[in-house]
Amino acid sequence: IETVRWLVFFVIVAQLGEQVLGAANIVFSCYALLLIPLDGVSETTCSMVSNLLGQRRPKILGTFLSRAIALTYLTVAPLLVAALAFPDHVLAIFTSEPQMAGTALGGLLVVALVTLIAVPGEMFFSAVAGTGDTKAIMTIQLILPSCALGYAYFAAIVRELPLGYIWLSEAVGWSVCLLLSWLWFRSGRWRRLTV
């Protein structure tokens with residue numbers, strides 16, 4: 001689902017021309033680097049939630065998730081500071097064209113800030129995955145790209161906004177993911193599952 005989501009996102013962006021598409025690819029490369037530590041901790045979170053439920057220790061899940069989120073923020077912080085404080089230098093790694101870097105600048109700043117929402121969103125989603133509720137995971141995985149791509153289409157095609165605004169679709173997606181995962185986890189529905 002995630003691969004199709006990115007394909008559709010770039011098809012939408014491609015409608016705005018080669019320059020914007022090239023800049024979006026640069027932003028995506030930077031975003032992927034920002035998400036590497038996040039992905040590592042999220043995999044561990046999924047495994048640890050399953051482990052804690054298997055040990056019949058569900059009461060410490062909240063504390064565990066808080067610590068996982070804090071650890072991820074600490075790990076991602078240096079990358080975020082670099083992206084926000086020195087965006088021109090970060091973009092220079094990927095392109096030497098000033099016009100391309102200028103087009104990508106807004107997108108880079110947006111995805112750096114979106115990472116702040118992505119951290120708790122991914123941790124709570126991984127916690128849902130760790131409970132083994134595949135229906136909840138699939139539902140979230142279908143709603144998230146629908147909302148994100150709907151916003152991306154609106155921003156790019158309907159409103160023809162600059163690239164930074166189009167990348168706000170990630171903020172929409174992660175906000176929806178965080179909200180749905182948090183609500184599901186808080187509801188206690190995971191208690192009916194056996195891991």
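Small disclaimer: the values here were computed from a predicted structure and weren't measured.
By the criterion of side-chain heavy atoms lying less than 4.5 angstrom apart, applied directly or through intervening Ile, Leu, Val, Met, Phe, Trp or Tyr residues, Val128 is grouped together with Val49 in one hydrophobic cluster. Under the 4.5 Å side-chain contact rule for hydrophobic residues, Ile26 and Leu33 share a cluster. Cluster membership check: Tyr31 shares its hydrophobic cluster with Leu116, using side-chain heavy-atom separations under 4.5 Å among Ile, Leu, Val, Met, Phe, Trp and Tyr. Cluster annotation: Leu84 and Leu91 are assigned to the same hydrophobic cluster (Ile/Leu/Val/Met/Phe/Trp/Tyr, side-chain heavy-atom contacts under 4.5 Å, transitive). Linking ILVMFWY residues whenever their side-chain heavy atoms come closer than 4.5 Å, directly or via other members, leaves Leu74 and Phe64 in distinct clusters.
Judged purely by atom type and a 3.5 angstrom limit, Thr115 uses its side chain to pair as donor or acceptor with the backbone of Val111. Proximity of a side-chain donor or acceptor of Ser169 to a complementary backbone N or O of Ala152 within less than 3.5 Å is not detected. Counting only distance, with no hydrogens or angles, the side chain of Glu43 and the backbone of Asp39 share no donor-acceptor pair below 3.5 Å.
Taking the side chain as every heavy atom from C-beta outward, Trp184 and Asp133 approach each other to under 4.5 Å. The shortest side-chain heavy-atom distance between Ser50 and Thr131 does not fall under the 4.5 Å cut-off. Annotation: side chain of Leu34 is not in contact with side chain of Val114 (no heavy-atom distance under 4.5 Å). By the 4.5 Å heavy-atom criterion applied to side chains, Phe9 and Ile166 are counted as neighbours. Between Met138 and Ile1, some side-chain heavy-atom pair lies under the 4.5 Å cut-off. Contact annotation: the side chain of Cys30 approaches that of Val90 to within less than 4.5 Å [non-hydrogen atoms, C-beta and beyond]. At a threshold of 4.5 Å between non-hydrogen side-chain atoms, the residues Leu161 and Phe154 do not count as touching. Annotation: side chain of Phe94 is not in contact with side chain of Asn25 (no heavy-atom distance under 4.5 Å).
For the atom pair CH2 (Trp182) and CZ (Phe124), the distance works out to 8.0 Å, reported to the nearest 0.5 Å. In this structure, the separation between OG1 on Thr45 and CG on Asn51 is 12.5 Å, given to the nearest 0.5 Å. To the nearest 0.5 Å, atoms CG (Leu144) and CG (Leu180) are separated by 8.5 Å. For the atom pair Met123 CE and Ser66 OG, the distance stands at 12.0 Å (nearest 0.5 Å). Note that the NZ atom of Lys135 and the OG1 atom of Thr139 stand 9.0 Å from one another [nearest 0.5 Å]. From Lys59, atom NZ reaches atom OG1 of Thr63 across 12.0 Å, with rounding to the nearest 0.5 Å.
The two residues Leu35 and Ala118 make their nearest non-hydrogen contact at CD2-CB, 4.5 Å. The minimum heavy-atom distance linking Met100 with Ala23 is given by the pair SD-N, 3.3 Å. Closest non-hydrogen pair, Ala68 versus Val41, comes out as O-CG1, 4.0 Å. Minimum heavy-atom separation, Ala156 to Ile12: CB-CG2, 3.6 Å. Smallest separation of non-hydrogen atoms from Leu53 and Pro58: CD2-CB, 3.9 Å. Residue Pro145 comes nearest to Arg5 through the heavy atom pair CB-CD, 3.6 Å, listed as atom of the first residue, atom of the second, then distance.
Other residues, nucleotides and ligands place more than 12 heavy atoms under 6.0 Å from the CD atom of Gln55. The local environment of CZ in Phe10 is crowded, with over 12 non-hydrogen atoms from other residues, nucleotides or ligands closer than 6.0 Å.
By the side chain to side chain donor-acceptor pair (under 3.5 Å) test, Arg159 pairs with no residue at all, sequence neighbours left out. Looking at residues two or more places apart in sequence or on another chain, you find a side-chain contact (heavy atoms from CB on, under 4.5 Å) between Pro120 and Ile69, Tyr73, Leu178.
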Where do Phe185 and Leu65 land on the side chain to side chain contact (heavy atoms under 4.5 Å, CB included) test, with the steps shown first?
CA-CA 11 Å; Phe185 206 76; Leu65 281 172; 3.8 Å; yes

Could you go step by step and tell me if Leu109 and Leu113 meet the side chain to side chain contact (heavy atoms under 4.5 Å, CB included) rule?
CA-CA 6 Å; Leu109 297 176; Leu113 294 173; 5.6 Å; no

Between Asp88 and Leu105, does the side chain to side chain contact (heavy atoms under 4.5 Å, CB included) criterion hold? Intermediate values first, please.
CA-CA 8 Å; Asp88 295 331; Leu105 180 61; 4.2 Å; yes

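Among Ile117, Ile140, Val172, the one residue that satisfies the side chain to side chain contact (heavy atoms under 4.5 Å, CB included) test with Cys177 is Ile140.
Taking the ring centroids of Trp6 and Phe28, they lie under the 6.0 Å cut-off.
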